[in-house]
Amino acid sequence: MASSYLAALSLLAGSASAADIVWSVFAYVHHGERTPLASPNGAALTPPGAVEMENLGGDFKNRFRANTSVHYVQGMSGDALDNTMLDISAYDAQYATGSAQAFMQGLFPPTNLSFAYNDGGSTAASSANGTITDFPLNGYQYPDVYVPSSMTGDEGAVWVNGDVGCTARAIALADAKMDLHEEDDHIQSIFDDVFPDSPFVEALVNSNNAYKLYDYARYEAAHDATVAEELTATELQYLRDIAWAAVFMEHAGLYAGDGDMILAMAGRMLAGAVVDAFDSYYASGGYTHRMNFVFGSFEPLLAFNAITNLTNDNSGLGILGGFPAFGSALVFELYTPSGASASSLLSDDGNFMPEQDLQSDLHVRAAWVEDPSDTRWEELFLFDSSSPSLQWDDFVDKMTTAGISTTKEWCQTCEVTDGFCGGYYLEELVDSGTLGQSGIAPAIAGAIGVVGTILLFLALIATAFFCLGIRLHRPGKDDANKGYRGEERRREDSDVKVGNNGERAAKVGSWELGGGNLKGTSGGSTQATEVSVSSSGNGAAPTGAGGLTIGKWGRRREKEDDEISVLGPQVHARESV
């Protein structure tokens with residue numbers, strides 16, 4: 001079986017002169033249509049959006065998994081979904097994770113009796129008696145989708161959307177926001193006329209929330225017949241243009257700050273993610289990262305196009321002149337051009353890996369899919385190149401210069417020193433010798449201040465205990481013989497109290513009852529309890545009556561000791577014998 005498989009691969013490799021050989025693919029996929037961000041319960045993937053994503057997944061299947069395609073990715077023709085060959089990430093939002101699941105249904109549709117070898121193969125589906133159990137839903141296949149969350153401090157989140165949590169970007173953004181307040185009156189009039197019952201209060205209907213307002217309007221126009229009739233195409237385009245102007249400045253304005261492209265941080269992290277995926281493919285010998293996907297919103301796409309100069313292209317692609325369509329995708333292919341010695345690119349054990357001395361034959365090309373319903377793939381020209389293809393070393397140099405290569409670099413560029421960046425920051429202080437100098441870094445000084453405050457607080461508590469004579473007392477075995485007041489008991493103090501109805505109740509640890517040294521408790525140890533006293537003065541053994549529990553942890557205190565009588569009315573605080 002293995003030999004025939006390797007022979008098939010060699011046959012494919014031998015046909016390299018007729019077609020390029022694609023080794024690995026990376027795609028950033030814009031999620032499917034969703035409900036508005038202003039939805040009361042949060043935005044969610046819509047049924048049409050799920051269908052868009054499944055269709056897009058089917059398009060990827062035809063392009064990259066069909067071994068008859070000129071873009072076929074080596075080793076991806078099997079029916080079974082093998083998670084070891086894939087790397088899938090999604091932004092931490094339902095519409096993104098749902099898009100990933102719907103897309104994968106199209107890329108790897110349900111297939112009866114299809115089992116990935118690396119997930120146990122047919123053995124995992126077989127029982128000892130020979131019965132084979134298929135996956136539910138006619139062989140539904142389950143992708144492993146990584147969903148990092150910035151809320152939980154997962155550093156993987158910055159590779160999905162590098163904007164989130166970037167302190168330096170937030171500071172630069174405050175200075176780079178576009179002043180569009182002259183449009184506020186027009187925006188307000190549209191919402192007053194068409195959306196009188198929108199979730200936005202009047203104070204929020206202005207250019208500061210331009211994108212969310214447009215997002216709400218486009219959804220209502222697509223799903224509400226009344227709105228579709230009342231909102232003109234001109235008005236919807238106007239809201240879209242205002243939103244685009246604001247968003248473009250926030251994510252593609254590269255002149256802010258010191259020229260480090262801080263506003264385009266999401267695109268810079270996307271550039272780093274592409275290089276990292278292809279590097280990981282090569283490092284694994286071609287076993288992993290054959291297909292790589294990130295599902296998220298449009299911001300990384302916009303920022304990436306800005307740092308790679310695609311915004312200067314006149315191709316008319318939707319992503320360059322406005323918001324990309326739901327279900328659009330930016331795709332990169334790591335490939336060897338036709339005409340290379342393809343047979344030598346496959347190692348002896350069948351790994352899909354170019355040999356070290358043939359890396360010069362590796363190239364990367366990019367393509368754009370604007371509409372899932374349209375199977376056209378538009379070639380892109382990166383970094384003002386005259387060719388849609390870049391040689392690997394040239395591609396890496398340009399992407400590394402424009403992008404961010406490591407999480408540590410993100411922390412430094414964004415000036416973040418807490419969370420997962422804390423370790424990198426401490427390492428930086430040590431390397432720079434800051435910790436050994438007389439001056440202490442602010443973060444370290446803050447930590448010392450917190451510890452010092454806690455120690456001072458504890459010292460004050462100890463002083464208060466000492467000066468006020470407060471003592472923590474743990475009952476000992478001799479305490480039972482010290483009566484109601486113990487060593488401080490006066491002659492006039494009585495351990496037995498008389499209630500309103502004449503019945504008597506003993507205090508805890510009563511000397512009149514033999515110091516409360518009762519038998520029957522765990523290990524024969526002395527435990528505090530209350531017992532009733534009959535008119536003859538004989539004490540009844542404790543039975544746990546009156547809601548008191550005697551056991552391993554002693555008596556469960558439900559009321560103050562002075563308030564409890566196990567036989568009848570409670571003893572009042574000031575009654576005495």
Side-chain angles (χ1 to χ4, degrees), residues 37 91-93 148-181 183-184 203-204 206-213 242-273 296-308 311 400-429 431-432 434 439-447 449-450:
L37 294 175
Y91 181 66
D92 188 17
S149 174
S150 58
M151 299 297 292
T152 60
D154 190 337
E155 64 181 84
V158 303
W159 295 101
V160 177
N161 190 338
D163 288 349
V164 179
C166 183
T167 304
R169 181 184 181 276
I171 295 173
L173 186 60
D175 298 329
K177 274 186 172 295
M178 203 170 180
D179 187 0
L180 298 169
H181 290 298
E183 309 294 338
D184 288 352
L204 296 179
N206 54 55
S207 58
N208 288 335
N209 299 294
Y211 178 72
K212 287 187 176 181
L213 295 173
I242 297 299
W244 174 251
V247 167
F248 184 87
M249 181 58 63
E250 292 177 6
H251 298 279
L254 306 183
Y255 55 80
D258 58 1
D260 59 358
M261 302 181 288
I262 191 67
L263 294 181
M265 184 55 66
R268 300 188 68 190
M269 294 304 292
L270 176 56
S297 191
F298 64 84
E299 293 88 351
L301 290 172
L302 171 59
F304 178 84
N305 277 266
I307 65 173
T308 57
T311 50
T400 302
T401 300
I404 299 291
S405 300
T406 64
T407 307
K408 179 180 180 180
E409 186 181 353
W410 181 89
C411 293
Q412 293 171 335
T413 306
C414 287
E415 300 177 6
V416 179
T417 59
D418 57 358
F420 59 81
C421 290
Y424 299 122
Y425 181 59
L426 182 59
E427 177 185 335
E428 182 180 351
L429 293 178
D431 292 342
S432 63
T434 304
I440 301 177
I444 303 299
V450 171

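Residues: numbered from 1 along the sequence shown. Note that the structure is predicted; figures quoted are calculated from it, not measured.
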Considering residues at least two apart in sequence or located in another chain, which fulfil the salt bridge (charged side-chain N to carboxylate O under 4.0 Å, His left out) criterion with E155?
->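 Partners of E155 under the salt bridge (charged side-chain N to carboxylate O under 4.0 Å, His left out) test: none.
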Please identify each residue that fulfils side chain to side chain contact (heavy atoms under 4.5 Å, CB included) with [X], with sequence neighbours left out.
X    : answer
S207 : L180, H181, D184, I187
D163 : N161, R169, H251, M265, A266, E299
A243 : A210, Y211, Y214, F323

If you look at every heavy atom in [X] and [Y], which pair is closest and at what distance?
X    : Y    : answer
A157 : P148 : N-CB, 3.4 Å
G403 : A271 : CA-CB, 3.9 Å
L270 : P300 : CD2-O, 3.9 Å
C411 : F420 : SG-CE1, 3.8 Å
A402 : M261 : O-CE, 3.6 Å

CG on N206 to CD1 on I242, rounded to 0.5 Å |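 Atom-to-atom, I242:CD1 and N206:CG are 12.0 Å apart.
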Gap separating the CG atom of L302 from the CD1 atom of I307, nearest 0.5 angstrom |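 One finds 11.0 Å between CG of L302 and CD1 of I307.
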Determine whether I262 and C166 make a side-chain contact, defined as any pair of heavy atoms from C-beta on separated by less than 4.5 Å.
->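 Yes, side chains in contact.
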Checking side-chain contact (heavy atoms from CB on, under 4.5 Å) for the pair V164/V158: CA distance, chi angles, key distance, verdict?
-> CA-CA 7 Å; V164 179; V158 303; over 6 Å; no
Sequence neighbours excluded, which residues qualify as side chain to side chain donor-acceptor pair (under 3.5 Å) partners of S149?
->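 S149: side chain to side chain donor-acceptor pair (under 3.5 Å) contacts with D92.
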Could I get the full list of side chain to side chain donor-acceptor pair (under 3.5 Å) partners for N208, not counting sequence neighbours?
->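 Counting only residues at least two positions away or on another chain, N208 forms no side chain to side chain donor-acceptor pair (under 3.5 Å).
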Side-chain (R268) to main-chain (F304) donor-acceptor, under 3.5 angstrom =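 A pair under 3.5 Å: no.
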Is the side chain of W410 donor-acceptor paired with the backbone N or O of I404 at a distance under 3.5 Å, no angle test?
->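 No.
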